[in-house]
Amino acid sequence: MKFWLMKTEPDVYSIDDLKRDNTVQWEGIRNYQARNFMMNDMALGDKVLFYHSNTTPPGVVGLAEVCKLAYPDYFAWDVDSKYFDPKSTKENPRWFMVDIAYKGHLKSPVSLDAIKKEPSLIDMLVIRRGMRLSIQPVTQFEYNKIIKMGAK
DNA sequence: GCCAACGTTGGC
DNA sequence: GCCAACGTTGGC
């Protein structure tokens with residue numbers, strides 16, 4: 001079992017949207033490192049910290065779980081989609097996505113600032129300067145710690 | 001809305 | 001295969 005942090009802009013898709021939808025296709029990932037995590041490393045049941053970026057304050061707001069293994073991101077084939085990529089074909093798909101399922105809100109969101117201030121979370125990628133990856137691996141300890149902090 | 005940091009593209 | 005130009009991310 002692995003643990004992940006997945007970023008989203010709440011204006012685009014929030015934890016409340018996920019609660020309403022129950023599951024969602026994580027389309028639109030156009031970064032090879034993030035794609036490779038989905039394609040190669042994610043397994044059914046992997047745990048996800050759901051993170052709101054580009055908002056005030058940024059931070060982890062809820063929990064989710066991988067509920068469908070990586071499959072081609074067909075938005076890349078749709079000329080009308082903002083995720084269209086002519087270099088991704090049905091014969092040779094370049095981009096992949098997984099589905100994730102809602103698992104709950106944190107009672108209190110764990111802000112980026114709170115993560116920075118927690119000494120035991122010093123190694124979390126999300127607080128590393130210049131870190132823009134929208135899908136990041138986290139350790140089991142980090143995952144549990146965030147849940148603990150968010151339960152208050 | 002600014003801009004630093006970073007990834008990707010494409011000319012050479 | 002280098003690297004400048006460009007686009008995007010995301011905190012502030």
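On a predicted model such as this, the values are computed, not experimentally measured, just so you know. Letters A, B, ... mirror the listed sequences (proteins, then strands); counts begin at 1.
Every residue two or more places apart in sequence or in another chain was checked for a ring pair (Phe, Tyr, Trp, His ring centres under 6.0 Å) with Y71(A), and none qualifies. Residues passing the side-chain contact (heavy atoms from CB on, under 4.5 Å) test with F84(A), sequence neighbours excluded: V79(A), P86(A). Not counting sequence neighbours, the partners of Y102(A) by the ring pair (Phe, Tyr, Trp, His ring centres under 6.0 Å) test are H105(A). Here Y143(A) pairs with F3(A) under the ring pair (Phe, Tyr, Trp, His ring centres under 6.0 Å) rule; sequence neighbours left out.
Mapping N54(A) and D85(A) onto DNA chain B by nearest heavy atom places N54(A) at the nucleotide closer to the 5' end. Nearest-nucleotide positions on DNA chain B place Q33(A) closer to the 5' end than the other of K87(A) and Q33(A).
Residues F96(A) make up the rest of the hydrophobic cluster containing M39(A), defined by ILVMFWY side-chain heavy atoms closer than 4.5 Å, directly or through other members.
Counting 5' to 3', DNA chain C first comes under 4.0 angstrom of a heavy atom of chain A and last does so at the ends given by dG7(C) to dC12(C).
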